[in-house]
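Structure first, commentary second.
As the structure is a prediction and not an experimental result, all values here were calculated from the model. So you know, we letter chains A, B, ... as the sequences are listed, proteins then strands, and number each from 1.
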Amino acid sequence: MKTIPRYLEAAIATADGTFMALYSSKGLVGLNFPARRGTTKPGAAGAVPEVIRKWHSTTSVALKRALTGKSPRELPPLDVSSGTNFQQAVWRELCRLKTGETCSYGELARRIGRPNAGRAVGGACGANLIPVLIPCHRVLAANQKPGGFSGGLDWKRKLLEREGVAIQ
DNA sequence: TCCAATATTATGC
DNA sequence: GCATAATATTGGA
């Protein structure tokens with residue numbers, strides 16, 4: 001699962017910056033937080049297949065809604081083939097969380113049938129390539145402690161706050 | 001195959 | 001509260 005064939009990158013401009021979406025032939029593979037400086041320019045949009053343009057449109061809308069604390073109406077197909085079985089199980093479970101709902105790593109582990117794999121769940125969340133759309137930010141540690149976040153704890157706090165979730 | 005690292009959790013001081 | 005041990009999964013030597 002290291003083989004990264006060839007992905008297509010497309011930019012999504014939001015009020016919080018320009019996100020970078022990564023697509024494969026199967027669907028959305030990854031989503032990156034806005035890079036500090038001059039993000040790589042939106043590549044040649046002309047070479048983008050029709051399907052991906054549609055996905056990108058859906059992704060764009062879903063992302064913007066998610067950023068404002070609302071649940072996306074529609075998600076593009078997610079290509080999670082880059083993750084292990086365990087990770088995919090975790091991500092699938094994450095997608096079940098509704099806006100404003102939170103869950104602990106331990107509880108999440110329990111839901112996927114690995115009651116003691118809380119730590120591994122943390123690892124799976126950290127390996128999540130599609131933050132925001134796969135709500136890894138809604139996962140807190142046991143005592144409602146913040147835990148961590150790939151794109152920076154700052155984002156986690158901001159996202160949760162917009163969904164009406166207060167964290168210590 | 002083994003070793004080290006982790007966005008955890010439960011327990012003991 | 002802080003330090004320590006236990007546990008699951010992953011990635012690399």
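Here A:Ala89 pairs with A:Ile112 under the side chain to side chain contact (heavy atoms under 4.5 Å, CB included) rule; sequence neighbours left out. Among residues two or more places apart in sequence or in another chain, the ring-ring contact (aromatic ring centres under 6.0 Å, His included) test is passed with A:Trp91 by none. Among residues two or more places apart in sequence or in another chain, the side chain to side chain contact (heavy atoms under 4.5 Å, CB included) test is passed with A:Ser150 by none. Every residue two or more places apart in sequence or in another chain that forms a side chain to side chain contact (heavy atoms under 4.5 Å, CB included) with A:Arg162 is listed here: A:Asp16, A:Leu67, A:Lys158. Partners of A:Phe149 under the ring-ring contact (aromatic ring centres under 6.0 Å, His included) rule, at least two apart in sequence or in another chain, are A:Phe33. Taking A:Asp79 as the reference, A:Ser24, A:Lys26, A:Val29, A:Ser81 meet the side chain to side chain contact (heavy atoms under 4.5 Å, CB included) condition, with sequence neighbours excluded. Under the side chain to side chain donor-acceptor pair (under 3.5 Å) criterion, A:Arg96 pairs with A:Glu93, sequence neighbours left out.
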Between A:Glu107 and A:Arg111, is the salt bridge (charged side-chain N to carboxylate O under 4.0 Å, His left out) condition met? List the steps.
CA-CA 6 Å; A:Glu107 187 179 336; A:Arg111 286 194 194 177; 3.3 Å; yes
If you apply the rule side-chain contact (heavy atoms from CB on, under 4.5 Å), what do you find for A:Ile167 with A:Thr102, and how did you get there?
CA-CA 10 Å; A:Ile167 54 181; A:Thr102 61; over 6 Å; no
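In this structure, A:Tyr105 and A:Gly118 approach most closely via the heavy-atom pair CB-O, 3.8 Å.
The CD1-C1' distance, from A:Ile112 to C:dA8, rounds to 10 Å in whole Å. If you take CD of A:Gln87 and C1' of C:dG11, they are 11 Å apart, rounded to a whole angstrom. Note: CD (A:Gln88) to P (C:dT9) measures 15 Å, nearest angstrom.
Contacts between residues 156-166 of chain A and DNA chain B, defined by a heavy-atom separation below 4.0 Å, involve no residue at all. The stretch residues 118-155 of chain A comes close to DNA chain C through A:Arg119, A:Ala120, each having a heavy atom under 4.0 Å from the strand.
Here chain A contacts DNA chain B (any atom closer than 4.0 Å to a heavy atom, that is under 4.0 Å), and the contacts span B:dT6 to B:dT9 from 5' to 3'.
Listed by first and then second residue, the salt bridge (Lys or Arg N to Asp or Glu O under 4.0 Å) pairs that reach into residues 129-155 of chain A are A:Arg138-A:Glu163, sequence neighbours excluded.
Secondary structure note: stems in DNA chain C built from 3 or more consecutive Watson-Crick or G-U wobble pairs under 3.5 Å occupy B:1-6 with C:8-13, B:8-13 with C:1-6.
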